[in-house]
S.K.: 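Mind having a look at this structure? Questions to follow.
Proteins get letters first, then strands, A, B, ... in listed order; numbering begins at 1 in each.
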Number of protein chains: 2
Amino acid sequence: MKKTSILNKLRSSGLRPTKQRVEIAKFLFNRDKTFHFTVESLGKHLAKKTTTKFALATIYNTVHAFKKAGHLSEVHLRGKNNTTYFDTNISNHHHFYDSETSELIDINDNEIKFDKIPKAPNGKTIKNLEVIINLKN
Amino acid sequence: MKKTSILNKLRSSGLRPTKQRVEIAKFLFNRDKTFHFTVESLGKHLAKKTTTKFALATIYNTVHAFKKAGHLSEVHLRGKNNTTYFDTNISNHHHFYDSETSELIDINDNEIKFDKIPKAPNGKTIKNLEVIINLKN
DNA sequence: ACTTACTTTAGAACTATTATAAACTTTAAA
DNA sequence: TTTAAAGTTTATAATAGTTCTAAAGTAAGT
Ligand SMILES: [Mn+2]
Ligand SMILES: [Mn+2]
Ligand SMILES: [Zn+2]
Ligand SMILES: [Zn+2]
């Protein structure tokens with residue numbers, strides 16, 4: 001992924017390309033495979049691999065802006081550690097959750113097929129359907 | 001449900017039948033239909049409907065003991081409010097989640113059927129599978 | 001009654017996240 | 001270029017759900 005693409009991600013999220021935001025975007029989007037992260041893991045990586053200073057609030061704000069713009073998704077799972085997982089895979093997909101390691105593993109949408117799905121209750125419609133398959137050893 | 005059943009719930013959870021625990025157990029289990037609750041909603045109910053005093057820690061401890069004994073289950077969902085949902089329905093089942101109202105609605109296990117499920121990765125096995133269907137208006 | 005083990009409690013501690021507001025930076029107009 | 005407006009970063013405080021602590025209280029068996 002090229003520099004212009006990073007700048008596009010920022011622009012399309014309504015964010016000016018500051019030093020902090022460019023570093024965050026590079027780490028999140030300059031890669032071949034998608035991945036899952038927490039704000040904590042992201043912050044630790046940035047502290048180790050860059051010389052830039054990142055306030056926690058900056059990381060939260062930037063991640064939320066990317067999410068709002070549709071460049072990141074959030075996994076609505078409450079693991080044993082009470083942290084929020086973000087996902088650079090924004091396609092419709094599902095997850096294995098390994099509670100031993102607190103790790104998420106993607107399940108492609110086409111790896112799960114439904115025979116029967118209930119209809120939404122009274123006046124509501126279905127926004128989306130999330131499957132989490134909990135793993136054990 | 002009779003008083004002996006309440007006492008059985010407590011005994012089988014390794015809990016002595018104190019005033020607080022009996023009130024909690026009565027509220028959770030003396031009813032026809034299962035339901036979802038948070039520690040906050042449980043505490044509010046108890047404060048309103050009984051004359052007993054309940055420290056938050058007592059409610060947490062008791063709910064966790066019931067969960068550990070298998071009398072309650074926990075819904076591993078992170079809603080917009082960051083609270084943990086508990087469920088008196090301990091059967092294998094799924095949920096609708098209405099983020100407008102922060103409400104959970106049960107989906108019976110037989111209302112969802114799978115055609116295809118991925119196999120667990122490398123050395124792991126599947127503990128269980130949770131479906132959450134997010135609703136919108 | 002006495003003893004021991006368990007329980008409740010208020011408040012402190014902990015942790016993820018969000019809010020605040022002052023100092024700093026980006027942008028683009030003048 | 002200067003300059004001003006708008007946006008951004010930061011340290012720190014605030015918030016909220018949950019867990020911990022240790023002292024005072026209660027249950028159960030003798
Ligand atoms: Mn550094
Ligand atoms: Mn009361
Ligand atoms: Zn994913
Ligand atoms: Zn349920």
S.K.: Rounded to whole angstroms, how far apart are CG on Leu10(B) and C1' on dA28(D)?
M.R.: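 Those two atoms, CG and C1', are 15 Å apart.
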S.K.: Using a heavy-atom cut-off of under 4.0 Å over every strand shown, decide if Leu56(A) touches base, sugar-phosphate, or nothing.
M.R.: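 The residue Leu56(A) makes base contact.
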S.K.: Output the single nucleotide from dA11(D), dT8(C), dA28(D) whose closest atom is nearest the side chain of Thr18(B).
M.R.: dT8(C)
S.K.: Tell me which nucleotide among dT17(C), dA11(D), dA28(D) gets nearest to the side chain of Ala55(A).
M.R.: dA11(D)
S.K.: More 5' along DNA chain D: Thr83(B) or Pro17(B), using each one's nearest nucleotide?
M.R.: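 With Thr83(B) and Pro17(B) compared, the 5'-side residue is Thr83(B).
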S.K.: Taking only side-chain N and O atoms of His64(A), does any of them lie within less than 4.0 angstrom of OP1 or OP2 on dT17(C)?
M.R.: no
S.K.: Could you give the CD1-to-P distance, from Ile24(A) to dT10(D), as a whole number of Å?
M.R.: 9 Å
S.K.: So what does Gln20(A) touch, heavy atoms closer than 4.0 Å: a base, only the sugar-phosphate, or nothing?
M.R.: sugar-phosphate
S.K.: For the side chain of Val39(A), starting at C-beta, report the closest nucleotide among dT8(D), dT18(D), dT17(C).
M.R.: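 Nucleotide nearest to Val39(A)'s side chain: dT17(C).
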S.K.: Using a heavy-atom cut-off of 4.0 Å across all strands, would you classify Thr84(B) as base, sugar-phosphate, or nothing?
M.R.: sugar-phosphate
S.K.: Rounded to whole Å, please give me the gap between CZ in Arg21(B) and C1' in dT8(C).
M.R.: 9 Å
S.K.: Kindly say whether the aromatic ring centers of Phe66(B) and Phe86(B) come within a distance under 6.0 Å.
M.R.: no
S.K.: Any N or O donor-acceptor pair under 3.5 Å from the base of dT26(C) to the side chain of Arg16(A)?
M.R.: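 Under the 3.5 Å cut-off, the side chain and the base do form a donor-acceptor pair.
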S.K.: For Thr58(B), which contact category applies under a 4.0 Å heavy-atom criterion: base, sugar-phosphate, or nothing?
M.R.: base
S.K.: Using the closest heavy atom to pick a nucleotide of DNA chain C for each, name whichever of Leu15(B) or Glu40(A) lands nearer the 5' end.
M.R.: Leu15(B)
S.K.: Among dT27(C), dT18(D), dT7(C), which is the nearest nucleotide to the side chain of Tyr60(B)?
M.R.: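 Of the candidates, dT18(D) comes closest.
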S.K.: For a 4.5 angstrom cut-off between non-hydrogen side-chain atoms, does Pro118(B) reach Ile112(A)?
M.R.: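 Yes - at least one pair of side-chain heavy atoms lies under 4.5 Å apart.
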S.K.: Taking the side chain of Lys53(B) as heavy atoms from C-beta outward, which of dA10(C), dT10(D), dT7(C) is closest to it?
M.R.: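 Between dA10(C), dT10(D), dT7(C), the one nearest the side chain of Lys53(B) would be dA10(C).
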S.K.: Indicate, with yes or no, if the rings of Phe27(A) and Phe37(A) have centres closer together than 6.0 Å.
M.R.: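 Here the rings of Phe37(A) and Phe27(A) have centres that are no less than 6.0 Å from each other.
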S.K.: Is any side-chain N or O of Arg78(A) closer than 4.0 Å to OP1 or OP2 of dG17(D)?
M.R.: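 Negative; the distance criterion is not met.
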S.K.: Measure the spacing between NZ of Lys68(B) and OG of Ser13(B) and express it to the nearest 0.5 Å.
M.R.: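 Atom-to-atom, Lys68(B):NZ and Ser13(B):OG are 10.5 Å apart.
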S.K.: Return the value, rounded to whole Å, for the distance between atom CG of Asn61(B) and atom C1' of dA10(C).
M.R.: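 Answer to the nearest Å: 14 Å.
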S.K.: Kindly confirm or rule out a cation-pi arrangement of Arg31(A) over Phe29(A), judged by NZ or CZ under 6.0 Å from the six-membered ring centre and within 45° of its axis?
M.R.: no
